[in-house]
Amino acid sequence: MASYHRILKVFDRSIHDKSLECDYDIHPWEILINGERWEGKVRLIGFVDVFFLMCYSADARFERGIIVYKNDDAIQDTLTRAKVDPQKIGLKLVNEKERESNQTLPKRYFQFSSDTINYTIESLGHKIGLGSKYPRSSLIPYKISIFKSRNPVMKKRIRRGITQHSLSDLMYDAIRLGIVSHAEMVAQVIGTVYTGNTMDDAISKYVEVLGTSKQGGVALSNEGA
């Protein structure tokens with residue numbers, strides 16, 4: 001049986017990637033996947049755009065797993081390429097009411113909620129294995145509930161691994177992942193100020209972050225409880 005690390009490689013992912021947000025074991029009794037509890041060890045591996053849930057045994061041997069998409073553009077693109085009607089598979093359109101008055105709004109399928117005990121995610125996903133291609137019938141909606149860790153560091157990392165990133169977070173990700181350099185982002189922000197354009201809240205917050213990032217740690221907007 002292959003290790004879950006090999007499964008990640010099928011998707012060009014690794015626990016050493018810069019885009020990794022969390023990599024933790026979740027106790028089987030602390031997670032529900034479409035109302036089901038998996039037997040064995042469950043590993044949550046979250047990236048900027050997707051997260052994986054993998055059940056494994058000794059020596060990290062992969063038993064079963066799923067990938068869940070966090071990016072709405074990727075979800076829409078996957079549905080379109082697979083020619084799957086989201087209504088027929090029961091995938092909820094989160095902003096259906098808003099789109100009734102404005103059809104130009106992009107469709108949103110990813111949903112995240114947090115209460116005093118659990119994080120709950122609803123989105124599109126499918127089962128995974130060593131194969132690189134999967135039948136369209138494998139695309140289904142998933143509802144996942146995860147018990148909040150008592151460890152504050154682990155709780156924040158898990159939250160980042162299972163939620164969509166805000167605009168300010170994406171700006172931070174762009175630098176962290178090397179898409180643009182820190183200097184380029186500073187130049188862009190300064191250029192915006194000098195041209196007299198109004199900066200939105202996200203950019204304003206980013207300017208504040210620049211002043212504190214060298215003093216250890218960046219405050220991220222979605223790192224709430």
Side-chain angles (χ1 to χ4, degrees), residues 1-11 13 15 20-72 74-76 78-79 82 84-94 96 108-151 154-164 225:
M1 182 67 70
S3 73
Y4 67 78
H5 297 286
R6 186 176 173 188
I7 304 298
L8 285 175
K9 288 183 180 179
V10 173
F11 294 87
R13 302 297 171 111
I15 60 172
L20 181 74
E21 295 291 2
C22 67
D23 179 22
Y24 290 111
D25 278 332
I26 305 292
H27 193 282
W29 287 101
E30 295 180 344
I31 183 168
L32 277 174
I33 302 169
N34 280 354
E36 180 186 2
R37 295 195 192 278
W38 287 359
E39 295 182 3
K41 300 177 181 178
V42 181
R43 194 78 175 179
L44 168 63
I45 307 172
F47 296 88
V48 170
D49 55 340
V50 301
F51 67 86
F52 296 84
L53 286 167
M54 301 197 196
C55 186
Y56 69 98
S57 55
D59 300 322
R61 286 182 297 178
F62 176 81
E63 300 291 340
R64 64 191 294 193
I66 61 172
I67 181 175
V68 178
Y69 297 97
K70 294 162 51 178
N71 184 286
D72 282 303
I75 293 172
Q76 183 61 57
T78 300
L79 291 169
V84 171
D85 185 341
Q87 291 185 335
K88 290 184 178 180
I89 64 172
L91 185 64
K92 299 177 183 177
L93 183 61
V94 177
E96 183 175 6
R108 291 175 48 232
Y109 296 103
F110 181 88
Q111 188 169 8
F112 172 84
S113 61
S114 172
D115 58 31
T116 55
I117 300 175
N118 297 312
Y119 293 130
T120 302
I121 309 98
E122 294 184 60
S123 189
L124 182 73
H126 61 79
K127 295 179 180 179
I128 56 175
L130 285 174
S132 58
K133 295 183 179 180
Y134 298 88
R136 68 182 65 180
S137 59
S138 66
L139 288 171
I140 64 171
Y142 280 95
K143 182 176 182 179
I144 300 162
S145 295
I146 301 175
F147 184 78
K148 290 182 177 180
S149 172
R150 292 188 178 89
N151 183 318
M154 182 176 176
K155 183 167 70 172
K156 288 183 178 181
R157 292 297 302 271
I158 287 178
R159 185 183 174 102
R160 278 189 62 82
I162 61 176
T163 57
Q164 288 181 334

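Since the structure is predicted, the reported quantities are computational estimates derived from the model, not experimental observations.
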Novice: Please report the shortest heavy-atom distance between Lys148 and Ser114, naming the atom on each side.
Specialist: NZ-OG, 2.8 Å
Novice: Suppose the criterion is side-chain hydrogen bond (donor to acceptor under 3.5 Å, both in side chains): which pairs have a residue in residues 30-41, not counting sequence neighbours?
Specialist: Glu36-Arg64
Novice: Would you call Lys70 and Asp49 a salt bridge, taking side-chain N to carboxylate O under 4.0 Å as the test?
Specialist: no
Novice: Please tell me if the side chains of Leu53 and Ile144 come closer than 4.5 Å, counting only heavy atoms from C-beta onward.
Specialist: yes
Novice: Would you check if the side chain of Asn118 reaches a backbone N or O of Thr120 as a donor-acceptor pair within less than 3.5 Å?
Specialist: no
Novice: So do the side chains of His126 and Ile67 get within less than 4.5 Å of each other, counting heavy atoms only?
Specialist: yes
Novice: Look up atom CD1 in Ile15 and atom SG in Cys22, then write down how far apart they are to the nearest 0.5 Å.
Specialist: 12.0 Å
Novice: Would you kindly say whether Lys143 and Ser123 are connected by a side-chain donor-acceptor distance under 3.5 Å?
Specialist: no
Novice: Can you check whether Val84 reaches Leu91 side chain to side chain, under 4.5 Å on heavy atoms?
Specialist: no
Novice: Under the rule for ring pair (Phe, Tyr, Trp, His ring centres under 6.0 Å), what residues qualify as partners of Phe112, not counting sequence neighbours?
Specialist: Tyr119
Novice: Do you know the tightest heavy-atom contact between Phe110 and Ile162?
Specialist: CZ-O, 3.1 Å
Novice: Which residues pass the ring pair (Phe, Tyr, Trp, His ring centres under 6.0 Å) test with Tyr56, not counting sequence neighbours?
Specialist: Tyr4
Novice: Quick one: CG on Leu8 to CD1 on Ile45, what's the gap to the nearest 0.5 Å?
Specialist: 4.5 Å
Novice: Are any of the side-chain heavy atoms of Phe47 and Arg13 separated by less than 4.5 Å?
Specialist: yes
Novice: For the residue pair Ile117 and Phe147, establish whether any side-chain heavy-atom pair is separated by less than 4.5 Å.
Specialist: yes
Novice: Within the 4.5 Å heavy-atom criterion, are Lys127 and Tyr134 side-chain neighbours or not?
Specialist: no
Novice: Which heavy atom in Ser149 sits nearest to a heavy atom in Met154, and how many Å separate them?
Specialist: OG-SD, 3.5 Å
Novice: Nearest 0.5 Å please: distance from the CG atom of Leu130 over to the CD1 atom of Ile7.
Specialist: 4.0 Å
Novice: In the structure I gave you, are the side-chain heavy atoms of Arg43 and Phe62 within less than 4.5 Å of one another anywhere?
Specialist: no
Novice: Picking from Thr163, Ile158, Ile121, what satisfies side chain to side chain contact (heavy atoms under 4.5 Å, CB included) with Phe51?
Specialist: Ile121
Novice: Heavy-atom distance under 4.5 Å between the side chains of Ile66 and Ile33, does that happen here?
Specialist: yes
Novice: If I compare all heavy atoms of Gly40 with all of Pro28, which pair ends up nearest, and what's the gap?
Specialist: O-CG, 2.9 Å
Novice: Is a donor on one side and an acceptor on the other found under 3.5 Å between the side chain of Asp72 and the backbone of Tyr109?
Specialist: yes
Novice: Check the pair Ile128, Phe52 against side-chain contact (heavy atoms from CB on, under 4.5 Å), reporting the backbone distance first and the verdict last.
Specialist: CA-CA 9 Å; Ile128 56 175; Phe52 296 84; 3.7 Å; yes
Novice: Working to the nearest 0.5 angstrom, can you tell me the gap between Gln164 CD and Gln111 CD?
Specialist: 10.5 Å
Novice: What's the separation between atom CD1 in Ile31 and atom CG in Asp25, rounded to the nearest 0.5 Å?
Specialist: 11.0 Å
Novice: Between atom CG of Leu124 and atom CD1 of Ile89, what is the distance when rounded to the nearest 0.5 Å?
Specialist: 5.5 Å
Novice: Compare every heavy atom of Arg157 with every heavy atom of Leu20, then report the nearest pair and how far apart it is.
Specialist: O-NH2, 4.1 Å
